[in-house]
Amino acid sequence: MDENEYDFRRVEAKWAPVWESERPFDVPDGDDPRPHKYILDMFPYPSGDLHMGHAEVYALGDVLARYWRLRGYQVLHPIGWDSFGLPAENAAIKRGVNPRDWTYENIAQQRASMKRYAASFDWSRVLHTSDPEYYKWNQWLFLELYKKGLAYRKDSWVNWDPVDQTVLANEQVLPDGTSERSGATVVKKKLTQWYFRITDYADRLLADLDRLEGAWPAKVLTMQRNWIGRSRGAEVVFAVDGSDRTVPVFTTRPDTLYGATFMVVAPDSDLASELVAEADPAVRMAFVAYLEEVQKKTEIERQDATREKTGVFLGCFAINPVNGERVPIWSADYVLADYGSGAIMAVPAHDQRDLDFALKYDLPVRVVVDVPSDEPNDPAVTLVATTGDGPHINSGPLDGLRKADAIAAMVEVLEKDGTGKGATTYRLRDWLISRQRFWGTPIPIIHGADGEEIPVPADQLPVLLPPTEGLDLRPKGSSPLGAADDWVNVPDPRDGSPAKRDADTMDTFVDSSWYFLRFLSPRDDTRAFDVEAVKKWAPVDQYVGGVEHAILHLLYARFITKVLFDLGYLDFDEPFTALLNQGMVILDGAKMSKSKGNIVFFGEELDNFGVDAVRVTMAFAGPPEDDIDWAEVSVTGSHKFIARAWRMAQDVTSDVGADASTGAAGLRRFTHKFLADVGGLVESYKFNVVIARLMDLVNHVRKEIDSGVGPADPAVREAAEVVSMGLSMFAPHAAEDMWSLLGHEPFVGLQEFPVADARLLVEDTIVAVVQINGKVKERLDVSPDISEAELSERALAAVSGALQGKTIRTTIVRPPKLVNIVVAD
RNA sequence: GCGGGUGUGGUGAAAUUGGUAGACACGCAGGAUUUAGGAUCCUGUGCUUCGGCGUGUGGGUUCGAGUCCCUCCACCCGCACCA
């Protein structure tokens with residue numbers, strides 16, 4: 001192709017090797033006088049090659065990184081791979097390859113694609129979480145939590161994925177009860193597992209979301225608040241009649257305690273089986289049958305709120321602490337074992353679920369809040385529980401009080417009597433981090449013959465994964481590591497007696513919960529992260545990634561950050577100051593998927609249109625948080641724009657350093673208006689508008705070159721240089737080539753935007769509109785400093801015809817832009 | 001049901017504090033150049049019965065509303081037997 005034609009292949013081939021050898025975006029350690037920004041894109045999982053979703057996130061993250069450089073900041077923009085995890089292992093099983101080989105081959109492929117995509121990463125800081133140099137510090141982190149009592153083992157009902165044969169954290173189970181990884185229906189299993197005590201941080205994780213308001217998407221904040229699910233209320237202790245046992249229940253409505261007519265215990269709770277053990281055989285048999293029935297149900301069935309309620313009487317009674325009333329204890333699966341205490345006081349008059357149950361099993365309904373209503377509203381008749389406010393009745397000392405006062409009064413009574421207290425409960429559960437799989441970080445604990453847990457001494461870290469040779473990786477419900485005899489059997493660090501390593505590996509979300517700290521000193525083999533580097537760079541100024549991590553990764557990273565803060569390693573306790581969630585790339589209105597066969601391939605798009613055109617398309621398609629339908633955007637259009645900008649640079653004939661102040665003022669104004677606006681636009685993520693403004697600028701320059709001041713005017717050069725800089729955020733190859741065509745040395749990405757000249761931002765004339773009754777009738781060219789009187793006068797003159805026979809009521813004058821004449825007939 | 005969000009041309013979308021709705025593109029139409037063009041350049045393009053009408057619906061505040069307030073509708077997302 002002709003050298004005077006824009007050829008993206010030639011331009012890519014020209015600059016990629018230069019960036020590769022010169023590494024303009026690497027950030028050396030040590031001081032730098034410039035202010036700094038830490039821009040981070042969520043690192044990828046290396047399954048296959050990059051896809052269009054990656055193309056979007058890394059295009060948008062790079063706009064922000066490159067923008068801050070152009071603003072004179074030192075920018076850290078690292079990349080790595082989240083490279084532990086199940087797909088490697090599943091591929092290994094399916095194809096008989098080594099999970100390590102599979103992983104690192106995929107990383108090599110993705111890395112090549114990423115380099116081709118020309119995001120301005122600091123390639124000197126690459127990390128892979130599956131490298132021993134990384135996961136050593138994962139183990140260190142685990143032991144830090146363990147020392148603080150924040151990592152512990154317990155026997156509990158857990159989510160079990162029957163396909164991947166491993167446990168899952170609550171966060172990894174989708175709302176329909178299936179695994180987010182394998183799609184299998186998750187079942188409950190009772191197992192001893194490692195947990196991180198994230199519930200200790202529930203309050204702070206919730207409260208600190210307020211500080212992220214405006215800087216994180218509202219949606220993510222809401223999702224996290226929902227997930228943590230704090231509810232305030234009271235704990236009320238009921239005694240079991242004829243026994244020493246007491247049962248605490250959590251309620252948000254302690255004010256309705258006088259209306260409690262029965263108690264319900266979760267069938268799968270220890271409490272239920274303990275209570276029923278004391279009952280007579282018929283009751284016990286009924287319970288056992290019921291429990292069996294309940295456990296057969298899938299999570300989806302169980303969560304169906306419209307399902308008819310079922311339950312069995314447990315043959316025992318509880319004593320209501322405020323009135324001494326004896327109420328029957330039932331077991332029903334609408335009460336969850338793992339929320340609150342697994343038992344509730346049932347107030348059928350004021351809780352729909354309790355009412356449904358009471359009506360079915362003919363239990364009494366007692367109204368204790370007189371909710372005013374025009375219609376009859378006795379729950380026993382209308383079958384609708386009343387939840388509104390009103391004076392309390394049948395409630396002893398609470399009679400006459402309204403809800404808020406009654407709640408406070410009841411809490412006071414309970415606390416005085418020692419039968420309860422104000423309490424807060426969370427939906428959030430502790431984070432289950434054990435996984436019965438191979439390709440993860442080994443948990444650095446040794447189990448002594450006496451059952452003691454012994455942390456692996458720091459000088460013995462990392463606990464390396466054993467070789468896969470001879471190891472059966474197929475899922476079988478226990479970790480494959482347990483079968484690696486040489487690995488699992490170790491001397492007890494205390495006395496050398498036989499002991500065994502913990503054979504489970506960690507949830508890979510542990511790996512990603514702190515990786516942003518490791519990027520600051522990725523080669524430091526003496527500590528997880530360099531505290532000084534952390535002080536300089538962290539927290540992350542701008543995080544970019546998909547909304548699919550709204551809860552999982554982001555909640556865990558916030559938690560670990562707070563733990564490290566408490567341990568004194570960090571001086572901040574929120575990891576990501578600002579968050580941008582990009583939308584998805586879809587096709588014809590549907591999510592791309594292999595099964596539907598509607599995939600746009602990353603590599604093919606780059607082959608056909610070039611890296612720059614794909615990146616520009618990603619940014620120009622619309623607001624970044626919206627989905628991009630690849631069928632509705634024009635990559636060709638992006639390519640045409642890039643080529644047009646490139647030709648513009650090629651046409652410039654003035655010399656480098658030409659004095660712009662002698663150039664055409666009109667064009668200069670346009671250029672400087674762009675410079676004045678670009679910051680606000682990028683910082684509010686309006687990348688599409690920035691590109692529109694660049695297009696506008698290029699169109700103006702084109703006109704000036706062809707039929708205006710001509711290619712030699714210094715203002716043309718100035719505009720072309722600004723376009724080259726601005727375009728470098730989106731189309732780095734074309735921009736670098738333009739910079740070079742304009743006679744400069746590399747690299748355009750290391751330039752600084754000129755400061756907009758305030759004198760050029762003032763227009764000589766402004767178009768003022770003249771409205772009659774709010775409708776635009778005329779437009780006038782006026783001076784920007786026109787007086788109110790003069791503008792008014794000119795406006796009236798301009799529309800005098802239309803004012804014939806009308807009475808002017810009032811005239812609103814807003815110089816220099818608008819006059820509104822209010823008239824009547 | 002609860003919470004969050006979004007409704008603007010044929011399409012993707014713009015629109016500081018209420019002040020010219022539809023920037024910039026895609027698409028389409030026409031023209032120039034050309035052997036040809038899916039290249040390049042130029043022009044036009046919300047609807048219209050040419051009076052006007054137009055930002056999901058209906059109301060309100062205001063000299064003036066895409067923007068603020070209320071009502072309703074539609075769609076998307078999250079949560080949901082959480083006591």
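Sequence lines set the chain letters: A, B, ... in the order given, protein chains first and strands last, and positions in each chain run from 1. What you see is a predicted model, and the numbers here were worked out from it, not measured in a lab.
- Listed candidates were U16(B), A83(B), U43(B). Nearest to the side chain of K703(A) is U43(B).
- For the residue pair R814(A)/N820(A), the side-chain donor-acceptor check at 3.5 Å is not satisfied.
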*asked:* Across nucleotides 20-26 of chain B, 5' to 3', mark each nucleotide with B, S or - according to how protein heavy atoms within less than 4.0 Å reach it.
replied: B--BBSS

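- Summarising the local packing, CZ of R809(A) is surrounded by 12 or fewer heavy atoms from other residues, nucleotides or ligands at distances under 6.0 Å.
- Checking A15(B), C63(B), C81(B) against the side-chain heavy atoms of K309(A) singles out C81(B) as nearest.
- Note on ring orientation: taking the six-membered ring where Trp is involved, the planes of Y339(A) and F250(A) are perpendicular (angle over 60°, cut-offs 30° and 60°).
- Here the rule is side chain to side chain contact (heavy atoms under 4.5 Å, CB included) with H350(A), and of T256(A), D255(A), L355(A) only T256(A) fits it.
- If L681(A) and Y334(A) are placed on RNA chain B by their nearest nucleotide, the residue sitting closer to the 5' end is L681(A).
- Under the side chain to side chain contact (heavy atoms under 4.5 Å, CB included) test applied with V265(A), the options V335(A), L271(A), D270(A) reduce to a single match, L271(A).
- When distances are taken from the side chain of V822(A) to each of C63(B), A83(B), A13(B), the shortest belongs to C63(B).
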Pull out every protein N or O sitting under 3.5 Å from an N or O of nucleotides 74-78 of chain B, one pair per line with the distance.
unit_1, atom_1, unit_2, atom_2, d
C77(B), O2', K219(A), NZ, 3.3

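- Remark: the E604(A) side chain and the N608(A) side chain contain no N/O donor-acceptor pair separated by less than 3.5 Å.
- F687(A) pairs by the ring-ring contact (aromatic ring centres under 6.0 Å, His included) definition with nothing, not counting sequence neighbours.
- Residue R647(A) places at least one side-chain N or O closer than 4.0 Å to OP1 or OP2 of C41(B).
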*Per-nucleotide pairing state of RNA chain B [Watson-Crick or G-U, under 3.5 Å; [ ] pseudoknot-crossing; | other strand]*: (((((((..(((......[....)))((((((.......))))))((....))..(.(((..]....))).))))))))....

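- Side chains of T382(A) and N377(A): no donor on one and acceptor on the other come within 3.5 Å.
- Counting only residues at least two apart or in different chains, side-chain hydrogen bond (donor to acceptor under 3.5 Å, both in side chains) contacts with residues 215-224 of chain A comprise Q224(A)-R558(A).
- Aromatic ring orientation, F357(A) versus W330(A): perpendicular (interplanar angle above 60°, classes split at 30° and 60°).
- The listed nucleotides are C53(B), A83(B), C81(B); the one nearest the side chain of D333(A) is C81(B).
- Listed by chain and residue number, E325(A) satisfy the salt bridge (charged side-chain N to carboxylate O under 4.0 Å, His left out) test with R366(A) (two or more places apart in sequence, or in another chain).
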